[in-house]
Amino acid sequence: MWGKRTGYDKQEQRVQLHFEHGTGRIEVVNPGVVHVFAPLHTPEPESRAVEQPNPAFTACDIRVSEQSGFVEIATEQLIVRVYDHFKVDIYDAAGTPLCLDYRGERDPFPRRGNVSIAEGEGHAAMRTSEHHKIQVLKAMEGEERFYGLGDKTGPLNKRGYEYEMWNTDDPSPHVESHKSLYKSIPFFITLKERAAYGLFFDNPFKTFFDLGKENSDYYYFGADGGNLDYYFIYGPDIKNVVTRYTALTGRTPLPQLWTLGAHQSRWSYAPESRVLEIAEKFREHDLPLDVIHLDVDYMDGYRVFTWNNERFPDPAALTKRLGDMGIKVVTIIDPGVKKDRGYGIYEEGLEKGFYATDRDGVPYVNAVWPGDSVYPDFSDEPVRRWWADNQKIMLDAGIAGIWNDMNEPASFNGPLPDDVRFKNDGRGADHREIHNVYGHLMSKSTYDGILEASGKRPFVITRAAYAGTQKYSTVWTGDNQSFWEHLRLSIPMTLNLGLSGFAFNGCDVGGFSHDCTPELLARWVQVGAFSPLFRNHTAIGTRDQEPWAYNEETLDAYRKAMKLRYRLLPYLYDLMREAEQTGLPPMRPLVLEFPEDANVHEIDDQFLFGSRMLVAPVVEQGKRHRAVYLPEGSWVDFRSGEKMEGGRVILAEAPLDVCPIYVRGGSFLPAYPDQKYVGELKIKELLLDVYPGTGEYIHTQDDGESFDYRSGSYNEYRFSQSEQNGELEIKLELGNSGYEETYGSFRLTVHGLSVSSVELSGEAIPFLAETRGTTFHIPAENGTVKLIR
């Protein structure tokens with residue numbers, strides 16, 4: 001398309017390249033990130049994901065030189081070579097190829113058997129791909145593995161699959177053939193033998209990804225509209241790729257602590273007597289719970305920002321009563337505004353011109369839950385501000401968070417036409433350009449409104465998203481089914497979401513549609529207990545999915561899993577803080593921590609919880625044992641305390657109430673005592689499980705709800721341990737101490753170690769030898785503890 005290169009210009013960290021039929025640009029974002037751009041739609045990038053100013057953009061030295069046949073742009077980490085026709089090859093600083101453009105022709109119609117699908121009579125509809133206006137082909141060496149792309153179905157490694165980015169509300173059972181779901185996260189990570197890198201195709205139009213399915217010689221991404229606009233993000237390991245990508249698109253803010261507790265939901269809990277019954281049953285059955293979600297039936301005729309006065313006569317009184325039980329309320333808000341004269345929200349938006357229109361400027365109407373509805377134009381700042389202000393209506397009723405649904409945007413009378421018009425902050429755009437970022441912009445508006453109205457860390461949960469939505473909202477994987485296959489699929493889906501920047505994510509535990517069986521719920525909660533977002537949610541017309549609706553065995557297994565989650569809340573909270581600082585998710589595929597171990601590259605039925613815990617759930621009906629791969633290193637069975645060496649497969653026993661869990665040697669795991677809800681107890685003594693070895697850990701303590709921690713209002717506790725001469729030495733240090741409340745003491749339980757005596761700063765202290773470990777109390781101050789065998 002561009003033709004031969006005719007020259008180039010350099011301005012600071014940008015190199016503008018001139019070709020016979022167009023221009024292209026290489027911008028060095030930082031030494032490890034390069035932006036490739038060509039103005040095919042707008043003269044400059046107009047990203048909804050990469051906000052400016054942006055911390056990823058840093059000043060650095062670049063070297064530009066004219067070589068034989070190409071222009072070379074070099075940083076301390078990368079070499080970029082640009083050839084005729086805007087071919088871009090990227091190498092590491094030593095000149096080793098990382099990501100090279102494919103020089104051959106693309107063949108979108110592969111041959112099957114002896115007949116080309118393109119040639120076969122009557123088979124035109126079977127063509128799997130078409131050429132696109134924009135398409136980038138990258139050469140494959142053969143060993144590449146691909147991760148990310150959000151919560152697409154299929155295995156963890158996406159090699160050999162193709163996907164489309166077009167936010168889609170598809171209620172049919174999600175299987176590997178689904179190319180599109182609710183989110184568009186056009187970012188993936190390539191793991192090669194020598195290094196890892198990421199590619200972020202920042203194009204909001206419908207985009208296409210083929211990761212070696214069409215042809216094993218190349219992979220490609222493309223679009224039929226927008227700009228050529230992608231970022232190359234160097235590792236060299238996967239962790240660095242995730243950290244650099246989230247520096248670019250934003251990281252998940254540390255959530256309020258209660259949001260990490262248990263959420264219970266149904267379409268729908270109504271009237272209010274049913275909501276109270278659910279809350280009371282959780283307390284009666286000794287099940288921890290922090291949140292109940294209200295689905296669409298709490299509203300007056302599905303009108304957003306309203307209440308049904310018959311079902312919920314006094315919302316503020318209800319939220320107060322639930323609050324006294326330690327339970328918060330989250331309400332659903334859809335984007336569709338009922339077309340209804342006399343309805344204040346509709347009238348105000350109509351008067352101010354806040355709705356998307358047809359090409360004649362008339363508000364576009366389609367049907368969703370309220371019937372005929374109009375769509376707020378979230379692409380326009382005044383509309384986002386208006387929608388943000390309306391969040392106060394819900395917060396004034398005591399609502400603690402907002403659940404954004406149906407915001408693909410979904411519609412019942414066919415999809416929105418391509419020519420529906422949006423203002424797009426002054427530069428008009430049609431539905432093709434706004435569709436994939438519609439839910440993203442709605443989430444931003446909701447986040448901003450809650451922040452302004454409450455001053456606390458907002459809790460927003462959204463179904464539809466684009467790259468960067470993690471700055472504003474948690475996500476779930478949408479309308480799954482109560483199938484064993486969907487339990488299995490939920491693991492790679494949530495793991496890839498985490499690799500795609502969405503550290504705070506989960507799925508509907510137990511499944512949304514269909515009827516969950518007792519065994520399936522017991523196994524699903526054992527996965528959900530380690531998901532950053534835990535929500536049990538089911539659909540109208542399905543059987544009750546509360547744990548007491550089954551049998552005592554199921555109830556006991558559910559209670560056991562949830563009590564473990566609440567025990568580990570301080571660990572999960574530390575992981576969420578790490579996610580804000582580094583972008584690394586709490587729920588991690590093994591390949592993130594052990595990329596050099598080829599045995600873990602395809603594992604997606606076990607995962608890591610942080611870097612210290614390995615979780616191997618049972619995801620098949622009737623199984624009471626499973627094979628578990630332990631990577632290299634020392635591991636301890638969380639249940640039995642047995643020490644074992646990794647680098648091998650073991651057979652784990654897994655009765656219905658047991659999920660096999662293993663802890664790396666040298667780990668600390670902070671824990672809380674049993675609680676019915678976050679905040680029920682004032683934690684004066686932190687429980688600390690110690691797994692002997694060499695390692696460090698940082699635990700933080702803050703108010704759990706405000707942003708004061710960003711200005712230093714938190715306590716930081718540093719723990720380290722090392723083994724030598726038959727002794728285990730544990731050091732405790734108090735770092736930042738800007739938060740008023742502090743722990744009075746620590747209760748350490750050391751697992752898998754026989755101890756004859758304990759010394760604190762040279763003085764013997766009493767200890768209790770327990771079956772699974774050695775327990776002792778120490779004051780919360782700097783000191784060194786020695787455990788002597």
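All figures in this text were calculated on a predicted structure; none of them were measured in a lab.
- Contact check on E759 versus K786 returns no salt bridge, with no Lys/Arg side-chain nitrogen under 4.0 Å from an Asp/Glu carboxylate oxygen.
- Annotation: W635 is not in aromatic contact with Y691 [ring centroid separation under 6.0 Å not met].
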* Asked: Should D637 and K643 be marked as a salt bridge (charged side-chain N to carboxylate O under 4.0 Å, His left out) after you check the CA-CA gap, both sets of side-chain angles, and the distance that decides it?
  -> CA-CA 6 Å; D637 187 307; K643 295 180 68 175; over 6 Å; no
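- Residue pairs meeting the salt bridge (Lys or Arg N to Asp or Glu O under 4.0 Å) criterion with at least one member in residues 723-739, sequence neighbours excluded, are E723-R789.
- Applying the salt bridge (charged side-chain N to carboxylate O under 4.0 Å, His left out) criterion to R457, with sequence neighbours excluded, gives D702, D703.
- At a cut-off of 3.5 Å, with distance as the only test, a side-chain donor of D290 or Y566 sits close to an acceptor on the other residue.
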Expected list for residues 670-682: side-chain donor-acceptor pairs under 3.5 angstrom, two or more places apart:
residue, atom, partner, partner atom, Å
Q675, OE1, L681, N, 3.4
E680, OE1, K676, N, 2.6
K682, NZ, E741, OE2, 3.4

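- Applying the salt bridge (charged side-chain N to carboxylate O under 4.0 Å, His left out) criterion to R567, with sequence neighbours excluded, gives D689.
- Counting heavy atoms from C-beta outward, P617 and W524 have side chains that stay 4.5 Å or more apart.
- With sequence neighbours excluded, no residue forms a side chain to side chain donor-acceptor pair (under 3.5 Å) with R664.
- Crowding of E740 atom CD: a count of heavy atoms from other residues, nucleotides or ligands under 6.0 Å not exceeding 12.
- The pair E452-K392 fails the salt-bridge criterion, with no side-chain N (NZ, NE, NH1 or NH2) lying under 4.0 Å from an Asp/Glu carboxylate O.
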* To do: Using the side chain to side chain donor-acceptor pair (under 3.5 Å) rule, take S745 and E685 through it: C-alpha gap first, then chi angles, then the decisive distance, then the call.
  => CA-CA 5 Å; S745 61; E685 181 179 63; 2.9 Å; yes
* Asked: For E642 and Y662, what are the C-alpha separation, side-chain angles and deciding distance, and is it a side chain to side chain donor-acceptor pair (under 3.5 Å)?
  -> CA-CA 9 Å; E642 178 187 358; Y662 304 87; over 6 Å; no
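- Every residue was checked against the salt bridge (charged side-chain N to carboxylate O under 4.0 Å, His left out) condition with D708, not counting sequence neighbours, and none meets it.
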* Does the salt bridge (charged side-chain N to carboxylate O under 4.0 Å, His left out) test come out yes or no for E580 and R710, once each step is laid out? -> CA-CA 11 Å; E580 183 180 48; R710 290 183 174 176; 2.7 Å; yes
* Report the C-alpha distance between T749 and T775 in whole Å, list the side-chain angles of each, state the deciding distance to 0.1 Å, and finish with yes or no for side chain to side chain donor-acceptor pair (under 3.5 Å). => CA-CA 4 Å; T749 300; T775 301; 3.1 Å; yes
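- Between I399 and V330, the shortest heavy-atom contact is CG2-CA, 4.4 Å.
- Under the side chain to side chain contact (heavy atoms under 4.5 Å, CB included) criterion, A503 pairs with T252, A579, P585, P586, sequence neighbours left out.
- In summary, the side chains of D151 and T477 do not present any donor paired with an acceptor at a separation below 3.5 Å, with no hydrogens or angles considered.
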* Going through the checks in order, is the salt bridge (charged side-chain N to carboxylate O under 4.0 Å, His left out) test met by E578 and R588? -> CA-CA 13 Å; E578 182 182 0; R588 304 175 183 179; 3.2 Å; yes
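- Between R535 and D508 there is a salt bridge, with a side-chain nitrogen of the basic residue lying less than 4.0 Å from a carboxylate oxygen of the acidic one.
- Within the cation-pi definition used here (under 6.0 Å to the ring centroid, within 45° of the axis), R463 does not qualify as a partner of W403.
- A tilted orientation is assigned to the rings of H293 and H263, their planes being inclined by 30° to 60°.
- Between F668 and Y697, the ring-plane angle classifies as tilted under the 30° and 60° cut-offs.
- Aromatic pair Y245/F200: ring centres closer than 6.0 Å.
- With sequence neighbours excluded, the residues forming a side chain to side chain contact (heavy atoms under 4.5 Å, CB included) with V658 are K560, R639, P655, listed by chain and number.
- Once rounded to the nearest 0.5 Å, the distance linking OG of S531 with CH2 of W476 reads 14.5 Å.
- Evaluation of the side chain to side chain contact (heavy atoms under 4.5 Å, CB included) rule for N240 yields P236, D237 as partners, not counting sequence neighbours.
- Taking K328 as the reference, nothing meets the salt bridge (charged side-chain N to carboxylate O under 4.0 Å, His left out) condition, with sequence neighbours excluded.
- T246 contributes a side-chain N or O that, together with a main-chain N or O of V242, makes up a donor-acceptor pair within less than 3.5 Å.
- Among residues two or more places apart in sequence or in another chain, the ring pair (Phe, Tyr, Trp, His ring centres under 6.0 Å) test is passed with F530 by F609.
- Within the structure, ring-ring contact (aromatic ring centres under 6.0 Å, His included) pairs that include any residue of residues 720-746 comprise H699-Y743, Y717-Y743, Y717-F746, F719-F746, Y743-F746 (at least two apart or interchain).
- The environment of CD in Q581 is crowded: more than 12 heavy-atom neighbours from other residues, nucleotides or ligands sit within 6.0 Å.
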* Please step through salt bridge (charged side-chain N to carboxylate O under 4.0 Å, His left out) for the pair E705 and K456, ending with a clear verdict. => CA-CA 6 Å; E705 62 178 25; K456 298 179 180 179; 3.8 Å; yes
* Given the rule in the side chain to side chain donor-acceptor pair (under 3.5 Å) test, do D448 and Y472 qualify, once you have shown the distances and angles that lead to the verdict? -> CA-CA 8 Å; D448 291 343; Y472 314 119; over 6 Å; no
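- Taking the six-membered ring where the residue is Trp, the centroids of F767 and H777 are separated by 6.0 Å or more.
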